Amino acid sequence: MLQVNVLRQKPDWVKERLAVKNFNHPQLVDEIIALDDERKKLQAAYDNAQSQINSASKDIGKLMGQGKKDEAETLKAEVATHKTQVAALNTQMTEVEKNLHDKLVTLPNLPSAMVPPGKTPEDNVVVRSGGDDNIQLYAGAVPHWDLIQTYDLVDFETGSKVTGRGFPFYKGRGAKLQRAMIQYFLDFNTAAGYTEFIPPFMVNEASAYGTGQLPDKEGQMYHVTEDNFYLIPTSEVPLTNIYRDEILKESDLPIKMTAYSPCFRREAGSFGKDVRGLNRLHQFEKVEILQIAHPDKSYDVLEEMTHHIEKLVQSLELPYRILKLCGGDMGFTSALTYDFEVFSAAQQRWLEVSSVSNMESYQTNRLKCRFKDANGKTQLAHSLNGSSLALPRILASILENNQTEHGIKIPQVLHKYFGAEIIS
RNA sequence: GGUGAGGUGGAUGAGCGGCUGAAAUCAGUAGUUUGCUAAACUGCCGUACGGGUUAUUCUGUACCGCGGGUUCGAAUCCCGCCCUCACCGCCA
């Protein structure tokens, strides 16, 4: 959620930035400012009326103490008229505030000055890449969904029977490889100073709201209606909400967290080759990194996180590229996003395995996650997060790229976790 | 799930329905003293939204788990919900 003050101070700049994100309702900015003006007026009137009630009440108390009942009664009558006023102003104010808020949350985060213009994924900019995506597979090479069957690593059919499409069973060496990767990724992250968490896999409504999943992305989450819990679409949700309604010390920053969790996504409306095999699932495993940072340093932190993830991807010996997302392809809450893609040779496709974003204060404003700066002023912290990494597509890419006639070679860094060098 | 107790500022913890935005202590912070540290003493030390002034400061309103109610007036009384703790039940 953007801060109203920013809109008030620089409305034209805000509109220009929104346009970069292909947000086509600039008039909303003016509407919000007008509503905020109204809100202020109502508040002044309300405060004034309430103040009169308060002082009259004190007088009544004194008069009663002195036994002047008649005078007290006249004052009471006066208070009664103010009270109807206050009630009316209060309902008006609530309504205006709700209206203002409802409009405000429809504004996406403003893209940073570094965001390239553009509307579609074709407009994203490759900033770095590594490894060789010109992989010569042997003659019998097949896509991962076939390899999975050959080596009995993942069972989609039984997953469909037991739960539904997109909820596979990982099995045998497939399950162990997942566990090995989780372990390795977490070790890699904690070695860089991230504190490890195992978060709750369901959150309450306030948390889903806090990180922005509600109200706009309600349909993408699984909802446990009986208890009003939401299954987390990413551990970002519980982790970030740790700091909801908190005022931190400046010396606490940056806060670095990492967590493994399953991620649950309904992904309504996807189909075709995008969802084949491990490419897109309703439940998948992911290790996440997240930082709460000082506003002055959040872009350095973003670079640091990006390099961290890059090293992790490199260590897996997968061809990758890092994209700086254009305005039109960025997430709603992000100010700058780098996507990591790995090349999956049998599909001849780039698969997104990580997305690293600086939300600046968009998320923390809604969360009310602040810190006291050196001057004793409270200001909003910045939040950043990134996957490190999403497992299924990494698995797909390892399987496809490393297949040989003798079996699937496991990346060297995973040997000690997996306990073998090849799946054959 | 049942019964009981309780939820107050960073922490501990007071608070006859008006003088309580809230005692006290600790922590924190600025300073004085001391050769340094320690100690002692002094000041400051919640958040949000307004208004006037603006590197300052003054002022209004709201907030004592959350939401309602009673009252001229609620941290204080009543109702509902949430959470914590203890005991019991169930259980990986």
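Computed from a prediction, not measured in an experiment: that's the story for all the values here. Only heavy atoms go into these numbers, but all of them, side chains included; no hydrogens, no water, no symmetry mates.
- Ring centers of Y299(A) and H382(A): at least 6.0 Å apart, outside the cut-off.
- Across the C1' atoms, G13(B) and A38(B) are found 28 Å apart, a figure rounded to whole Å.
- You'll find the ring centres of H223(A) and F229(A) outside the 6.0 Å limit.
- Under the 3.5 Å distance criterion, with hydrogens and angles disregarded, no donor-acceptor pair is assigned to the side chains of Y320(A) and E341(A).
- We find that CG of D373(A) is positioned 16 Å from P of U29(B), with the value rounded to whole Å.
- U37(B) is unpaired under the Watson-Crick or G-U wobble criterion, no partner having all donor-acceptor distances under 3.5 Å.
- Checking G50(B), G73(B), U47(B) against every side-chain atom of D36(A), the shortest atom distance belongs to G50(B).
- S344(A) and R393(A) form no side-chain donor-acceptor contact under 3.5 Å, judged by distance and modelled atom types alone.
- Salt bridge absent: E157(A) and R165(A) never bring a charged side-chain N and a carboxylate O closer than 4.0 Å.
- Between A22(B) and G9(B), the distance separating the two P atoms is 15 Å to the nearest Å.
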Task: Reading 5' to 3' through nucleotides 57-66 of chain B, protein heavy-atom contacts under 4.0 Å coded B for base, S for sugar-phosphate only, - for none - done: ---BSS----

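- I53(A) comes within 4.0 angstrom of nothing in the nucleic acid, heavy atoms only.
- The gap from the C1' atom of C72(B) to that of U12(B) amounts to 37 Å, rounded to the nearest Å.
- As rounded to whole Å, 15 Å separates atom C1' of G73(B) from atom NE2 of H82(A).
- Checked by atom type, the side-chain pair K286(A)/T234(A) shows a donor-acceptor distance below 3.5 Å.
- Summary of the strand contacts: K76(A) and E97(A) both lie near RNA chain B, and taking for each the nucleotide with the nearest heavy atom, the more 5' one is attributed to E97(A).
- Comparing the same atom, C1', in G18(B) and in U76(B) gives a spacing of 11 Å after rounding to whole Å.
- A distance of about 24 Å separates the C1' atoms of U3(B) and C66(B), rounded to the whole Å.
- For the C1' atoms, the distance linking G46(B) with C64(B) amounts to 11 Å, nearest Å.
- Both R370(A) and S57(A) lie close to RNA chain B; mapped to their nearest nucleotides by heavy-atom distance, the more 5′-ward contact belongs to S57(A).
- Atom pair D245(A):CG and G9(B):C1' shows a separation of 15 Å (rounding to whole Å applied).
- Look at the P atom in both A23(B) and C44(B): the space between them is 12 Å, to the nearest Å.
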Open item on the list: Please evaluate residues Y260(A) and E196(A) with respect to the criterion side-chain hydrogen bond (donor to acceptor under 3.5 Å, both in side chains), reporting the C-alpha separation (whole Å), side-chain torsions for both, the decisive distance (0.1 Å), and the verdict.
Closed with: CA-CA 8 Å; Y260(A) 151 76; E196(A) 180 175 344; over 6 Å; no

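- With values rounded to the nearest 0.5 angstrom, K76(A) atom NZ is found 10.0 Å from S57(A) atom OG.
- Rounded to the nearest Å, the gap between the C1' atom of G15(B) and that of C85(B) is 23 Å.
- Atom C1' of nucleotide G18(B) and atom CG of L63(A) are separated by 13 Å, given to the nearest angstrom.
- Distances shown here put a side-chain N or O of R39(A) below 4.0 Å from the OP1 or OP2 atom of G50(B).
- One interatomic measurement links the two molecules: NZ of K372(A) to C1' of G46(B), which rounds to 8 Å at whole-angstrom precision.
- N5(A) places its CG atom 11 Å from the C1' atom of C49(B), with the value rounded to the nearest Å.
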Could you list the protein-to-nucleotides 83-85 of chain B atom pairs, N/O on both sides, closer than 3.5 Å?
none

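- For H25(A) and F23(A), the ring centers sit closer than 6.0 Å to each other.
- The shortest distance between side-chain heavy atoms of S361(A) and Q3(A) falls below 4.5 Å.
- Minimum interatomic distance between L253(A) and A293(A) (heavy atoms only, all atoms of both residues): CD1-C, 4.1 Å.
- Scanning both residues, I247(A) and K372(A), for their nearest heavy atoms gives CG2-N, 4.3 Å.
- Although no hydrogens or angles enter the test, the distance criterion places no donor-acceptor pair under 3.5 Å between the side chain of H294(A) and the main chain of E250(A).
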Between the protein and nucleotides 76-78 of chain B, list every N/O to N/O distance that falls short of 3.5 Å.
none

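- One can place CG of L89(A) at 14 Å from C1' of G50(B), the figure rounded to the nearest angstrom.
- To the nearest angstrom, P of C72(B) lies 21 Å from NZ of K68(A).
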